[in-house]
Amino acid sequence: MSNLNFVEEMRWRGMLQDMMPGTEEKLNAGMCSGYIGFDPTADSMHVGHLMQVMTLIHFQRAGHKPFALVGGATGMVGDPSGKSAERNLLDEETLNKNVTGLHNQLEKFLDFNCGANSAVMVNNYDWFKGFSFLNFIRDVGKHITVNYMMAKDSVKKRLEGESGMSFTEFTYQLVQGYDFYYLWKHHGISIQMGGSDQWGNIVTGTELIRRKDGGEAFALTTQLIKKSDGTKFGKTESGAVWLDPQKTSPYKFYQFWLNASDDDVKSWIRIFTLKTKAEIEALETEHNAAPHLRVLQKALATEITIRVHGETELNKAIEASAILFGASTADALAQLDEATFLDVFDGVPQSHVTLHDLNAGINLVDLLADKTQIFPSRGEARKMITGGGVAVNKQKIDNPETLVNTDHLINGKYIIAQKGKKNYYLIIVE
RNA sequence: GGGGAGAUUCCAGAGCGGCCAAAUGGGACGGACUGUAAAUCCGUUGCGAGAGCUUCGAAGGUUCGAAUCCUUCUCUCCCCA
């Protein structure tokens, strides 16, 4: 056993929400196997999943054996927890693709080759695919009453709501409950963890284990991640923040964490980094002494970006940030070699313009509204330019009649347009 | 099945024959300030450089003139059976 105590760790990091009685004692008594389920609703995890991943990491670091369950089967049913409407079902092909994607990502976080407490990945489709409906309702359904299932919050809310709930979704908690039973029976897993919205589903599992085999199993849930401004964690204007670099560039990923508010960063750094309590407190002192330097945000963004994307990508993201937000000028842009330049503007919306148009010189409004769709209308482009909200190659332009020509090209083929401070557009000339 | 209320620009919500491209609030987007923050303040928020043009659930109609009046249709909500 490691000298780290899992529950203590979760507690001081503010990750722990609730445990079943006896859970802590069980965990302190020796190595336990525990699991968390991941729903394959997409082929990549987003930052919202990271809390669960971190939980598994702590679990493993404390000497326990973590299992990650990918819900190939449950994904076909749809978890009603926290959902106000019936979910769309994914087809099997998409589901398989998603399962593979999640699998690959999880492997980056957990150690799958470290002896006794190596992490293990399981897919519940493996034990559900051959399980017939009749056998299921006979062997599993028999042990849980409808009254019990109806009493769950996730079900109650939907019954009271407008849209109702299909039998499929109603069954979800049983299917997930059986996962727990199966893993308990065949892999000796005694604890299921998950977000606080999973409490009901997890408890159905422990109940099933108790009623079916008289066994004992435990539950532990994590806190919901809160944001001080009340908005949902993990979403930006452009949607969810994914771990997959194809979906969210490492630069955007880094920026997401760097932009954490002062209030949020104090809890996030505990949740999303493995820094010790002493290290975090030292950083906080430093942060409070000079808040504008955002020591905490930088530490958080750095550690988590390395974990997800690696050090090379982190350095690129930092470099890109310096160019985009630092006091960089058209000169600095021009000095970048093409590869770095493209890296910096990776993930920035692109548009194309012909060299022919540019040779003649294009009126800025025409360029931004007609040639590219950076602005939806000419009037809007004009207003924004006049209002001082537009820059070309980091240089502010407030005259809508300005002509853009080949003199503005960077590396002979690019123009950077900026709408406001944060919105960059790459115009490629060809 | 019977009775009532309503549908307005991103949202909420005024307007009830010309002064309405449509109050006000919110949101969004810009600007200043700042820490790539919060708060605050300022500006923009149908298209158009402008004249002007197209919008107020849909289609018709009355009128010199309609978001506003009439007819039909579609949809929403509420009450009763």
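Numbers restart at 1 for each chain; the letters A, B, ... are given by sequence-line order, proteins then strands.
- Going from the P atom of B/rU9 to that of B/rA59 covers 15 Å, rounded to whole Å.
- Distance noted for atom C1' between B/rA14 and B/rC64: 28 Å (whole Å).
- At whole-Å resolution of the value, CD1 in A/I385 and P in B/rC29 are 19 Å apart.
- For A/K298 and A/E303, the salt-bridge test fails: no basic side-chain N is under 4.0 Å from an acidic carboxylate O.
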Item to check | Verdict with reasoning, A/Q192 to A/Q198, per side-chain hydrogen bond (donor to acceptor under 3.5 Å, both in side chains) | outcome: CA-CA 10 Å; A/Q192 183 180 175; A/Q198 290 302 311; over 6 Å; no
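- Comparing the P positions of B/rA81 and B/rU76 gives an interatomic distance of 23 Å, to the nearest angstrom.
- Taking atom P in both B/rA67 and B/rU54, the straight-line distance is 12 Å, to the nearest Å.
- At a threshold of 4.0 Å, the pair A/E9-A/R13 counts as salt-bridged, since one of the basic side-chain nitrogens sits closer than that to a carboxylate oxygen.
- Partner assigned to B/rG50 is none, using Watson-Crick or G-U wobble distances below 3.5 angstrom.
- Geometrically, A/K419 engages A/F375 in a cation-pi contact defined by less than 6.0 Å to the ring centre and at most 45° from the axis.
- Between A/K247 and A/D43 there is a salt bridge, with a side-chain nitrogen of the basic residue lying less than 4.0 Å from a carboxylate oxygen of the acidic one.
- B/rA81: no Watson-Crick or G-U partner with both key distances under 3.5 Å is found in any strand.
- On the C1' atoms, B/rA32 is 30 Å away from B/rG48, given to the nearest whole Å.
- Ring pair A/F256/A/W268 is parallel by interplanar angle, where below 30° counts as parallel and above 60° as perpendicular.
- Salt bridge annotation for A/R11-A/E8: present, with a cationic side-chain nitrogen under 4.0 angstrom from a carboxylate oxygen.
- For A/S321 and A/Q255, the side-chain atoms include at least one donor-acceptor pair closer than 3.5 Å.
- In a base pair of the Watson-Crick type (N1 to N3 plus N6-O4 or O6-N4) or a G-U wobble (N1-O2 and O6-N3), with each distance short of 3.5 Å, B/rA28 is matched with B/rU44.
- As rounded to the nearest Å, B/rA21 and B/rC53 have C1' atoms that lie 11 Å from one another.
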Give me, pair by pair, the N or O atoms of the protein and of nucleotides 31-39 of chain B that are less than 3.5 Å apart, along with how far apart they are.
| residue | atom | partner | partner atom | Å |
| --- | --- | --- | --- | --- |
| B/rA32 | OP2 | A/K421 | NZ | 3.4 |
| B/rU34 | O4 | A/K421 | NZ | 3.1 |
| B/rG35 | O4' | A/H292 | O | 3.3 |
| B/rG35 | O6 | A/D262 | OD2 | 3.0 |
| B/rG35 | N1 | A/D262 | OD1 | 3.0 |
| B/rG35 | N1 | A/D262 | OD2 | 2.8 |
| B/rG35 | N2 | A/D262 | OD1 | 2.8 |
| B/rG35 | N2 | A/Q297 | NE2 | 3.3 |
| B/rU36 | O2' | A/N259 | OD1 | 2.9 |
| B/rU36 | O2 | A/Q255 | OE1 | 2.8 |
| B/rU36 | O2 | A/N259 | OD1 | 3.3 |
| B/rU36 | N3 | A/Q255 | OE1 | 2.8 |
| B/rU36 | N3 | A/Q255 | NE2 | 3.0 |
| B/rU36 | O4 | A/Q255 | NE2 | 3.1 |
| B/rA37 | OP1 | A/K422 | NZ | 3.3 |

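- The aromatic rings of A/H46 and A/W242 stand perpendicular to each other, their planes meeting at an angle above 60°, with 30° marking the opposite boundary.
- One atom, OH of A/Y424, and another, C1' of B/rC29, lie 17 Å apart when rounded to the nearest Å.
- Base-pair partner of B/rU68: not found among the strands shown (Watson-Crick or G-U wobble, both distances under 3.5 Å).
- Rounded to a whole angstrom, the distance from the P atom of B/rA23 to that of B/rC73 is 33 Å.
- Of all nucleotides present, none satisfies the Watson-Crick or G-U wobble test against B/rU55 with each distance under 3.5 Å.
- Closest approach of A/Q418 and A/Y424 over heavy atoms only: NE2-OH, 3.3 Å.
- Between B/rA58 and B/rA51, the two P atoms lie 27 Å apart (nearest whole Å).
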Item to check | Letter per nucleotide, 5' to 3', of nucleotides 42-49 of chain B [B base touched, S only sugar-phosphate touched, - untouched; heavy atoms, 4.0 Å] | outcome: --SS-SSS
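- Atom pair A/D398:CG and B/rG30:C1' shows a separation of 14 Å (rounding to whole Å applied).
- Across all strands shown, B/rA7 forms a Watson-Crick or G-U wobble pair, both distances under 3.5 Å, with B/rU74.
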